[in-house]
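Before any comments, here is the structure.
Here is how names work: the chains are called A, B, and so on, in the same order as the sequence lines, proteins then strands, and each is numbered from 1. Hydrogens, waters and symmetry mates are skipped; everything else that's a heavy atom, side chains included, is used. Only a predicted model underlies this, so the values are computations on that prediction, with no experimental measurement involved.
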There are 2 protein chains.
Amino acid sequence: MTEKQEKILRAALQLFAKEGYHATSTSKVAKLAGVSEGLIFRHFGNKEGLLYAILAVGENKMKTLFVDIVMESEPKQVIRKTIEMTSKIDVSDYDFWKLQFKLKWELEINSDKKMEPLKMALTNAFQKLKYESPKMEAQLLILFIDGMGSAVLKGSSLNPTEMIQFLLRKYEL
Amino acid sequence: MTEKQEKILRAALQLFAKEGYHATSTSKVAKLAGVSEGLIFRHFGNKEGLLYAILAVGENKMKTLFVDIVMESEPKQVIRKTIEMTSKIDVSDYDFWKLQFKLKWELEINSDKKMEPLKMALTNAFQKLKYESPKMEAQLLILFIDGMGSAVLKGSSLNPTEMIQFLLRKYEL
DNA sequence: AACAAATGTAAGTAATCACTTGCAAAAATA
DNA sequence: TATTTTTGCAAGTGATTACTTACATTTGTT
């Protein structure tokens, strides 16, 4: 990975996350990155290739965020860590997460499949804790996580710390 | 409102909801509507004007969906109706709601303010029912509604009817 | 050192973008 | 009926789009 390649990826992430994929032209990316426009196509083939290069880099961020939860054996800890997940997101990664949410609607790129391991872990946790409908409980919690993430990234009025505390009490954690 | 004006609005809603605002060109809208491209600008000024004309038409849809809940005096009914809200959405209105969610991310058009009356009604309802943190409860439920709507409109694997039943049980309704 | 491959740029390309102009037909108003 | 206003279209406009080409420079390999 060249220095200029990284500059392109950083610039593209920043612009895609802020303005959206279609609203960002390759010439804008090149300008912000301080490279010639042609270099984008030399390295990434086309605009779509640039997008997927960004997503590939960020894929690991998501995995490392999940692996700590999925590996956890204590059921109560699985639930606690899931609820606290959004607060664990580094501010420097906001652009990446914002892009993830944006793409879900702008293009129809779904990140649901990546959620599957988390859903499994949660279902198991709720089952161990003798909840009546562990599968539904897992789905509901994921719904909340998604909503929390969305609220935080859009700078909604919602106070995430307060909401996390509230949820932890609800699940008796 | 001319017949051709309506045709333009219908075509634009369909395309904006499916492909997104930036990905839809005015020429595509004109083609689908079966009119000349210039007519769009004659009637709506520019592309943004076309978008806001669509949103103005749909504004009432949102209001009528909320008014039934906000006017309800029985607290348990307020909560029940809120939970059941997503299932009350007509399939023919899917495009409008999809556009609403899309715009929240593609442009930064926030529909949070329109949620405020619902939030107030829910807070009151939870207060009457002696919940410990009525405000947080209201916020949590709205988070859920948002997530449900998002899941339904994106055709996620989530079964909304099942989830609604599950939630009604959770709130002892 | 010699050669090949990879990295980089400047200046293009045709196509498409949102939008305008000029003019005709229809509708409303007098 | 005469006149104005509104509705509509065909054919434009310059700007911007994603992408290509031709050529120079740097880097890696033998």
Identify each atom pair where a protein N or O and an N or O of nucleotides 4-10 of chain C are less than 3.5 Å apart, giving names and distance.
residue	atom	partner	partner atom	Å
C/dT7	O4	A/R42	NH1	3.3
C/dG8	OP2	A/H43	NE2	2.9
C/dG8	N7	A/R42	NH1	2.9
C/dG8	O6	A/R42	NH1	2.6
C/dT9	OP1	A/K4	NZ	3.1
C/dT9	OP2	A/S36	N	3.0
C/dT9	OP2	A/S36	OG	3.0

(request) Report the residue from B/Y52, B/F16, B/W105 that forms a ring pair (Phe, Tyr, Trp, His ring centres under 6.0 Å) with B/Y21. (result) B/F16
(message) Using a strict heavy-atom distance below 4.0 Å, which residues from residues 19-32 of chain A are in contact with DNA chain C?
(response) none
(request) Find the distance between CG (A/D68) and NZ (A/K81) and round it off to the nearest 0.5 Å. (result) 4.0 Å
(request) Determine which pairs satisfy side chain to side chain donor-acceptor pair (under 3.5 Å) with at least one residue from residues 32-49 of chain B, sequence neighbours left out, and list them in order. (result) B/Q5-B/H43, B/T26-B/E37
(request) Using ring-ring contact (aromatic ring centres under 6.0 Å, His included) as the criterion, list what pairs up with A/F144, not counting sequence neighbours. (result) none
(request) Could you list who else is in A/M71's hydrophobic cluster, with ILVMFWY side chains joined at under 4.5 Å, directly or through other members? (result) A/V67
(message) For a quick test of reading the model, state the closest non-hydrogen atom pair linking B/K102 to B/K18 and the distance between them.
(response) NZ-O, 3.1 Å
(request) With sequence neighbours left out, write down each residue that passes salt bridge (Lys or Arg N to Asp or Glu O under 4.0 Å) with B/E162, or none if nothing qualifies. (result) none
(message) Nearest whole Å is fine: how far is C/dC17 P from B/I40 CD1?
(response) 12 Å
(request) Check each residue of residues 45-56 of chain A for a non-hydrogen atom within less than 4.0 Å of any atom in DNA chain D, then write out the ones that pass by number, or none. (result) A/N46, A/K47
(request) Decide, yes or no, whether a salt bridge links B/K170 with A/E137 under the criterion of side-chain N to carboxylate O below 4.0 Å. (result) yes
(message) Short of 4.0 Å, heavy atom to strand atom, which residues of residues 9-16 of chain A count as contacting DNA chain C?
(response) none
(request) Working to the nearest 0.5 Å, report the span between NZ of B/K128 and CD of B/E74. (result) 8.0 Å
(request) Return the set of residues passing salt bridge (Lys or Arg N to Asp or Glu O under 4.0 Å) with B/E3 (not counting sequence neighbours), or none when no residue passes. (result) B/K7
(request) Drop me the distance from A/L173's CG to A/Q77's CD, to the nearest 0.5 angstrom. (result) 8.0 Å
(message) Nearest 0.5 Å, please: how far is CZ in A/R80 from CD1 in A/I164?
(response) 10.5 Å
(request) Please find the earliest and latest nucleotides of DNA chain D, in the 5' to 3' direction, that have an atom within less than 4.0 Å of any heavy atom of chain A. (result) D/dT17 to D/dT20
(request) Sequence neighbours left out, what passes salt bridge (Lys or Arg N to Asp or Glu O under 4.0 Å) with A/K114? Give chain and number order. (result) A/E59
(message) The criterion is salt bridge (Lys or Arg N to Asp or Glu O under 4.0 Å); which residues satisfy it with A/K61, sequence neighbours excluded?
(response) A/D93
(request) Report the residue from A/D146, A/N110, A/D112 that forms a side-chain hydrogen bond (donor to acceptor under 3.5 Å, both in side chains) with A/K104. (result) A/D146
